[in-house]
Amino acid sequence: MRPCRMRDHALAQVPRSRLPARIACMVHRMHPSSPLAAARARVAALQASLTASDGAPATLVETHISWLLLGRSTAYKLKKPLKLPFLDATTLAARRGFCDEELRLNRRLAPSLYLDVVEIRDDGQGATFGGPGAVLDVAVRMRRFPDGALWREMLIAGTLAPHHVDDMAQTLARFHRGAAVAPAGSAFGSAAAHAQVVQGLDETIQAPALRTWMTRQLEALAPWWSARQRQGHVRECHGDLHLGNVLQLDGQAAAFDGIEFDAALRWTDVIDDVAFLAMDLLANGRRMLAFRFLNAYLSATGDYDALPGLRFSMVCRALVRAQVTALAQKQGVPPVDGCDARAYLALAQALPTAADPRLAITHGLPGSGKSFVSQGVLETAGAVCVRSDVERKRFFGLEAAVSSRDRVAGGIYDPATTQRTYARLHSVADTALRSGWPVIVDAAFLRRSERAAFAALAAGIGAPFSVLDCHAALPLLRQRIAARQAAGTDASEADLAVLDKLAGADEALSATERAAALVVDAAAPVSLPTIAAQWLAAT
């Protein structure tokens with residue numbers, strides 16, 4: 001665990017920041033008091049004690065509001081006795097409360113990392129963790145994780161892989177499902193709360209066009225935020241889900257160092273957590289991983305209704321990180337690897353103008369590569385994708401990889417469910433397009449009437465419409481389906497009997513549809529970047 005691993009809460013989380021740069025740079029001059037000096041002396045004694053007990057030098061890491069002592073296998077985090085515009089940790093009771101809250105909150109996503117809260121005592125022989133004597137302070141005791149475990153480090157090392165982001169998407173989906181829901185009528189997640197976010201970022205919003213866009217978004221999204229809160233989407237989230245707070249722990253994706261000192265910074269819409277991590281991947285040049293993570297989360301939760309607020313949330317989180325890195329630089333905090341304030345600002349300014357509503361639907365029999373192509377194109381193009389096999393199962397409370405056989409009497413492929421599934425896909429596509437996102441609808445679309453409904457949707461919004469026309473000879477399709485069934489990991493349940501049935505029901509593309517088609521031969525090598533570029537160039 002290196003110094004950069006424990007971020008300074010006061011700097012890194014500023015969605016409601018009340019910390020202008022001029023105040024941040026003066027904090028240490030404002031608090032030269034004896035309690036702080038005494039606390040520093042205690043930390044030095046604790047460092048010496050930990051070094052002696054471990055038989056190896058303990059490392060001291062200092063952030064704006066905390067000290068972190070890194071031992072051989074254990075880390076201790078202490079709160080500084082400071083009073084700042086956003087917190088007051090001057091009393092032992094307050095620091096104990098913050099430590100208890102940090103333990104409670106972070107055990108939700110990293111239970112094996114956060115061990116307990118320990119008292120710091122002194123019996124006249126010097127400060128120690130535990131032991132006899134008067135209680136002087138408290139600390140959060142943590143398990144020290146290996147160097148290189150942080151996603152920020154993995155990104156730089158080139159070891160962050162698609163399966164890592166898939167795992168994190170599932171982890172976050174489960175976490176959000178179990179997180180406490182904000183009470184009805186709460187100020188958390190309200191339009192007023194978002195206005196306060198923007199106000200706190202005012203010094204960072206340098207471009208007039210960006211300020212105008214955010215002001216308009218505050219007005220346009222106000223009803224949506226209210227609806228989201230009523231529907232239970234405002235929950236006790238992590239609050240600071242950037243690449244420096246996500247790691248691989250015991251082979252699993254986990255997150256730590258969530259917000260404990262201000263409830264308003266963590267009681268947010270669930271999409272804010274998603275937007276934070278997706279934004280940081282984008283800012284660090286990992287577009288494919290960013291959209292893979294976003295789509296994996298949306299597929300796991302079905303929360304496509306979050307798309308209208310996604311772009312605003314990503315812009316706010318980019319500005320947060322810009323403010324954080326700029327303030328850290330002003331205070332002389334050693335820079336961490338990754339993008340700087342300018343990169344975050346550039347992303348914040350680019351996102352509002354990057355809206356590109358366009359629609360692609362797939363067409364093809366089972367095994368023709370529709371989902372493979374859709375996944376590759378969504379990652380390359382930066383799009384949202386919704387899949388019929390997943391949404392169909394969602395109606396019956398089934399996860400994507402769970403078979404419906406022997407679980408649903410009569411099966412899930414009856415005509416009524418099919419009609420309902422396409423209506424759901426149409427609704428999601430409409431939401432995504434109106435939110436300014438490119439969207440891919442992954443379904444068979446064997447009937448002209450099904451394809452026509454989506455072509456009309458795109459036309460009504462003025463969005464380009466394309467068909468990803470996937471095809472292959474029946475022997476190859478049979479071979480692929482047999483292999484897929486043997487693996488048992490795909491959402492599709494189409495077997496050979498279904499293939500033979502659907503092959504006779506496939507209605508060929510019309511001349512108009514062929515003009516909008518991007519043909520994919522499943523038997524030949526496929527260049528997904530080429531297909532994505534062609535789709536994005538369609539008018």
Side-chain angles (χ1 to χ4, degrees), residues 1-11 26-107 110-145 256-262 331-334:
M1 186 183 290
R2 293 206 302 254
C4 63
R5 288 192 173 176
M6 287 304 245
R7 68 98 178 88
D8 182 345
H9 284 294
L11 295 177
M26 295 171 58
V27 168
H28 287 295
R29 294 200 299 270
M30 292 167 59
H31 297 276
S33 59
S34 57
L36 184 58
R40 288 184 185 278
R42 283 198 300 274
V43 169
L46 291 168
Q47 184 179 12
S49 174
L50 187 56
T51 295
S53 63
D54 275 358
T59 303
L60 173 62
V61 179
E62 183 171 354
T63 72
H64 197 64
I65 60 172
S66 302
W67 289 290
L68 186 69
L69 284 170
L70 306 179
R72 186 188 297 273
S73 61
T74 310
Y76 295 89
K77 186 176 180 183
L78 296 83
K79 313 294 183 182
K80 291 182 178 179
L82 296 175
K83 184 175 183 179
L84 301 173
F86 47 86
L87 65 85
D88 184 349
T90 53
T91 67
L92 174 59
R95 295 193 296 278
R96 187 187 295 274
F98 287 139
C99 286
D100 288 342
E101 193 71 336
E102 181 169 352
L103 185 72
R104 177 186 72 83
L105 292 167
N106 287 291
R107 275 181 168 174
S112 67
L113 189 63
Y114 285 80
L115 303 177
D116 53 19
V117 174
V118 298
E119 293 180 333
I120 297 166
R121 295 174 176 264
D122 190 346
D123 63 355
Q125 302 300 313
T128 60
F129 293 110
V135 178
L136 302 179
D137 215 332
V138 291
V140 176
R141 187 167 67 100
M142 303 170 63
R143 168 187 166 199
R144 180 174 176 174
F145 52 78
F256 74 112
D257 215 12
I259 298 298
E260 88 284 356
F261 62 84
D262 191 334
Q331 296 187 9
V333 176

CG on Leu113 to CZ on Arg141, rounded to 0.5 Å = 11.5 Å
task = Just do the side chain to side chain contact (heavy atoms under 4.5 Å, CB included) check on Val61 and Trp67 with the steps written out, would you?
result = CA-CA 6 Å; Val61 179; Trp67 289 290; over 6 Å; no
inquiry  = Measuring only between side-chain heavy atoms, which start at C-beta, is Asp137 closer than 4.5 Å to Leu92?
reply    = yes
message = Restricting to non-hydrogen atoms, name the atom on Ala89 and the atom on Ala94 that form the minimum distance, rounded to 0.1 Å.
response = CA-CB, 4.2 Å
message = With salt bridge (charged side-chain N to carboxylate O under 4.0 Å, His left out) as the test, pick out the partner of Glu102 among Lys77, Arg96, Arg107.
response = Lys77
ask   = Does Arg121 reach the side chain of Val135, with side-chain heavy atoms less than 4.5 Å apart?
value = yes
OG1 on Thr128 to CG on Leu46, rounded to 0.5 Å = 7.5 Å
remark   = In this structure, CG of Leu105 is separated from CG of Asp257 (nearest 0.5 Å) by 11.0 Å
ask   = Does Asp54 reach the main-chain N or O of Ala56 with its side chain, forming a donor-acceptor pair under 3.5 Å?
value = no
task = Work out which heavy atom in Ala75 is nearest to a heavy atom in Leu70; give both atom names and the distance.
result = CB-CD2, 3.7 Å
task = Using modelled atom types only, decide if a donor and an acceptor are shared between the side chain of Ser49 and the backbone of Ala45 within a distance under 3.5 Å.
result = no
Any side-chain heavy-atom pair of Phe129 and Leu69 under 4.5 Å = yes
ask   = In Å and rounded to the nearest 0.5 Å, what is the NZ to CZ distance from Lys79 to Arg95?
value = 11.0 Å
request  = Indicate whether any N or O donor in one side chain lies under 3.5 Å from an N or O acceptor in the other, for Arg143 and Ser112.
outcome  = yes
task = State, yes or no, whether a side-chain contact exists between Val140 and Tyr76 at a heavy-atom distance under 4.5 Å.
result = no
